[in-house]
Amino acid sequence: MTAQTLTQTAVDTETLTGAEIVVRALVDQGVEVLFGYPGGAVLPIYDALFNEPRLQHVLVRHEQGATHAAEGYARSTGKPGVVLVTSGPGATNAVTGIVDALMDSIPLVVITGQVATHLIGTDAFQECDTIGITRSITKHNYLVKDPADLPRVMHEAFHIATSGRPGPVVIDIPKDVQFGRAAYQGPGEVVHAHSYRPRTQGDPARIAEAAQMIAGARRPILYTGGGVINAGPRAAALLREFAALTGAPVTSTLMGLGAFPASDDKWLGMLGMHGSFEANNAMHDCDVMVAIGARFDDRVTGKLDAFSPGSRKIHIDIDPSSISKNVRADIGIVGDAASVLEDMIAVWKARSLSCDAGALAEWWRQIEAWRARKSFRYAPSADSIKPQYAVERLYALTRDKDVYITTEVGQHQMWAAQFFHFDEPNRWMTSGGLGTMGYGLPAALGVQLAHPESLVIDIGGDASVQMT
């Protein structure tokens with residue numbers, strides 16, 4: 001055997017500690033920044049991080065702040081956010097941010113330390129049942145008891161967090177597993193134990209049926225949500241193209257702001273209990289509603305039996321459990337928003353479809369009458385600065401800058417959504433589904449880490465900003 005063969009064999013059989021496997025996997029997954037707080041149960045991973053210059057660790061002062069910072073990083077980049085915390089209180093402090101990411105479909109990989117395997121179940125110091133606690137608030141979670149499983153689990157976690165409907169994945173790693181040794185495998189070498197294959201392509205027959213229904217509409221509306229943002233910039237571009245082809249007005253949930261430009265004449269503003277008069281009336285009176293990446297949450301629908309009673313509904317979502325979950329869909333299409341919109345546009349063009357021009361013109365006349373009410377107007381004050389005016393001026397003074405906005409939760413959040421306008425996706429970071437006070441400041445830090453040259457602004461209230 002030659003010296004070269006001996007050397008190659010040594011490389012092939014090289015083993016790493018569990019902690020080194022975690023760090024190597026993060027690098028191979030393209031991670032550049034992670035947020036966390038050290039503790040005894042993750043010290044081996046922190047030791048391994050010290051020797052890896054390609055990873056930047058951001059030290060927070062509370063684990064909830066780490067999860068929100070990772071959310072901000074993820075939402076502004078489209079990449080997964082990564083969190084590293086210790087066992088017990090480290091894991092439980094991260095719970096709120098994990099639920100927040102689940103509710104708003106944000107990809108996170110949260111690595112938690114755990115007591116040594118032989119101590120699990122003994123009420124050891126800083127032990128808690130992290131897997132049991134996080135089972136209902138994650139897309140998936142793992143308790144790794146063998147270092148040989150770590151490469152597969154690490155790479156699988158990133159796949160699950162980022163594909164289909166994004167969300168958080170927790171990896172709980174006992175301390176002795178971090179010290180144990182095993183062979184490392186890269187992303188292309190591991191064999192996944194889970195057959196998770198989310199459907200991204202919509203059913204062609206249903207897409208064609210939906211296109212025909214839209215073409216036959218007299219009062220159509222496009223109702224868009226965070227799923228369009230999650231599907232990437234291409235989905236936002238296709239949404240704009242489809243709106244131009246159909247001539248339909250566009251509204252959005254709180255989470256979908258920026259997917260369609262607020263400067264476009266077809267934009268009706270946000271809908272729901274804090275939405276515009278024109279958006280809510282158009283949703284109520286439409287005859288065909290196209291929901292794209294939205295989940296018909298209670299803040300949008302109000303009383304379900306009174307929600308848009310005369311419309312036929314097309315629901316496009318990558319999560320099959322969302323279709324007809326709250327509101328029955330006449331046509332449900334499971335698939336990625338970008339993929340389905342692309343196919344819908346192709347059908348529309350191939351069949352030379354169009355909406356009734358006269359009916360559409362009458363629909364827009366009605367919408368303009370609602371819009372003329374200027375539902376967000378407010379009386380100016382001579383002796384104080386109203387919050388609405390403050391947000392308006394902030395928008396006016398930053399609209400020519402590379403700006404990202406985060407918010408806390410409360411009335412100021414709604415004023416920000418109403419008076420700060422977004423023409424691009426991934427510029428608006430807010431806690432939607434869970435409504436987590438204290439979200440905005442750590443989220444802004446995460447956004448700034450991702451975009452160091454950009455202007456990042458947290459619009460907050462005094463109660464929220466003190467929380468984390």
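One-based numbering along the sequence shown.
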(request) Would you indicate whether Arg399, at its atom CZ, is surrounded by more than 12 heavy atoms from other residues, nucleotides or ligands within a distance under 6.0 Å? (result) no
(message) Donor-acceptor pair, distance only, cut-off 3.5 Å: does the side chain of Asp172 make one with the backbone of Thr130?
(response) no
(message) Can you tell me if Ile385 has over 12 outside heavy atoms packed within less than 6.0 Å of its CD1?
(response) no
(message) Distance check, rounded to the nearest 0.5 Å: Met255 atom CE versus Met270 atom CE?
(response) 12.0 Å
(request) Can you see which heavy atom on His155 is nearest to which on Gln29, and at what distance? (result) ND1-NE2, 2.9 Å
(request) Look up atom CG in Asp298 and atom CZ in Phe307, then write down how far apart they are to the nearest 0.5 Å. (result) 11.5 Å
(request) For the pair Tyr404 and His451, name the ring-plane relationship: parallel under 30°, tilted 30 to 60°, perpendicular over 60°. (result) parallel
(request) Working to the nearest 0.5 Å, report the span between CZ of Arg135 and NE2 of His140. (result) 9.5 Å
(message) Quick check on side chain to side chain contact (heavy atoms under 4.5 Å, CB included): which of Leu341, Ile316, Ile221, Ile333 does Val290 satisfy it with?
(response) Ile316
(request) Answer yes or no: is there a donor N or O on one side and an acceptor on the other, between the side chain of Tyr223 and the main chain of Phe296, under 3.5 Å? (result) yes
(request) Please indicate whether Asp265 has more than 12 foreign heavy atoms, meaning atoms of other residues, nucleotides or ligands, lying under 6.0 Å from its CG. (result) no
(request) Please answer whether the main-chain N or O of Ala148 pairs with a side-chain N or O of Gln185 as donor and acceptor at a distance below 3.5 Å. (result) no
(message) Check the orientation of Phe420 and Phe422. Use parallel for under 30°, tilted for 30 to 60°, and perpendicular for over 60°.
(response) tilted
(message) Tell me whether Asp100 contacts the main-chain N or O of Leu434 through its side chain, where contact means a donor paired with an acceptor under 3.5 Å.
(response) no
(request) Answer yes or no: is there a donor N or O on one side and an acceptor on the other, between the side chain of Gln64 and the main chain of Thr96, under 3.5 Å? (result) no
(message) Using only atom types and a distance under 3.5 Å, with no angle test, would you say the side chain of Arg75 pairs donor to acceptor with the backbone of Thr430?
(response) yes
(request) Please check if the side chain of Thr112 supplies one atom and the backbone of Val85 the other of a donor-acceptor pair under 3.5 Å. (result) no
(message) Taking Arg427 first and then Asp402, would you say they form a salt bridge - that is, a charged N and a carboxylate O separated by under 4.0 Å?
(response) yes
(request) Evaluate the criterion side-chain contact (heavy atoms from CB on, under 4.5 Å) for residue pair Phe158 and Val31; output intermediate values, then yes/no. (result) CA-CA 10 Å; Phe158 278 89; Val31 175; 3.7 Å; yes
(message) Less than 4.5 Å apart, side chain to side chain, heavy atoms only: is that true for Asp343 and Gln201?
(response) yes
(request) Go through the steps to decide whether Phe419 and Tyr395 satisfy the test side-chain contact (heavy atoms from CB on, under 4.5 Å), and finish with yes or no. (result) CA-CA 8 Å; Phe419 293 97; Tyr395 170 68; over 6 Å; no
(request) List the steps, then state whether side-chain contact (heavy atoms from CB on, under 4.5 Å) holds for Met154 with Leu26. (result) CA-CA 8 Å; Met154 288 293 297; Leu26 293 177; 3.8 Å; yes
(request) Would you tell me whether His68 and Glu71 have side-chain atoms, one donor and one acceptor, within less than 3.5 Å of each other? (result) yes
(request) Return yes if a side-chain donor-acceptor contact under 3.5 Å exists between Ser322 and Arg295, otherwise no. (result) no
(message) Looking at Lys145, I want to see if its NZ is surrounded by more than 12 non-hydrogen atoms of other residues, nucleotides or ligands under 6.0 Å.
(response) no
(request) Determine, stepwise, if the pair Ile214 / Phe242 fulfils side-chain contact (heavy atoms from CB on, under 4.5 Å). (result) CA-CA 11 Å; Ile214 297 166; Phe242 192 59; 3.8 Å; yes
(message) How about OH on Tyr389, more than 12 heavy atoms from neighbouring residues, nucleotides or ligands closer than 6.0 Å, or not?
(response) no
(request) Measure the spacing between OG of Ser339 and CE of Met344 and express it to the nearest 0.5 Å. (result) 10.5 Å
(request) Please tell me if the side chains of Ile367 and Leu268 come closer than 4.5 Å, counting only heavy atoms from C-beta onward. (result) yes
(request) Taking all heavy atoms of Ala248 and all of Leu222, pick out the closest pair and write down the distance. (result) CB-CG, 4.1 Å
(request) Grab the two heavy atoms, one from Pro38 and one from Leu59, that are nearest each other, plus how far apart they are. (result) CD-CD1, 3.5 Å
(request) Flag the pair Glu278 / Ser375 as yes when at least one side-chain heavy-atom distance between them is below 4.5 Å, and no otherwise. (result) yes
(message) Atom CG of residue position Asp462 - does it have more than 12 heavy atoms of other residues, nucleotides or ligands inside 6.0 Å?
(response) no
(message) Is it the case that the side chains of Asp28 and Tyr184 hold a donor-acceptor pair, with the cut-off being a distance below 3.5 Å and no angle test?
(response) yes
(request) Kindly compute the distance separating CD1 (Ile457) from OG1 (Thr406), expressed to the nearest 0.5 Å. (result) 9.0 Å
(request) Would you check if Leu254 and Gln413 make a side-chain contact, meaning some heavy-atom pair closer than 4.5 Å? (result) yes
(request) Could you pull out the closest heavy-atom pair between Val327 and Thr301, with the gap in Å? (result) CG2-CG2, 4.2 Å
(request) Without swapping roles, check the side chain of Asp104 against the backbone of Ile106 for a donor-acceptor pair under 3.5 Å. (result) no
(request) State, yes or no, whether a side-chain contact exists between Val169 and Tyr142 at a heavy-atom distance under 4.5 Å. (result) yes
(message) Quick one: does any side-chain atom of Tyr196 pair with a main-chain N or O of Ser163 as donor and acceptor, under 3.5 Å?
(response) yes
(message) Looking at Arg165, is its backbone amide N or carbonyl O close enough to the side chain of Lys139 to form a donor-acceptor pair, meaning the two atoms are under 3.5 Å apart?
(response) yes
(request) Report yes if some heavy atom in the side chain of Glu127 is under 4.5 Å from a heavy atom in the side chain of Ser87; otherwise report no. (result) no
(message) Quick one, Thr407 and Trp428 - any side-chain contact, counting heavy atoms below 4.5 Å?
(response) yes
(message) For Arg240, is the CZ atom crowded, meaning more than 12 foreign heavy atoms sit under 6.0 Å from it?
(response) yes
(request) Check Gly256 against Ile229 and note the closest heavy-atom contact, atom names and distance. (result) O-CD1, 4.0 Å
(message) Is the shortest side-chain heavy-atom distance between Val99 and Val95 below 4.5 Å?
(response) yes
(request) Enter the distance from Arg24:CZ to Leu55:CG here, rounded to the nearest 0.5 Å. (result) 11.5 Å
(message) Any donor-acceptor pair under 3.5 Å linking the side-chain atoms of Tyr378 with those of Glu392?
(response) yes
(request) Determine the minimum heavy-atom distance between Leu108 and Ala161, stating which atoms define it. (result) O-CB, 3.7 Å
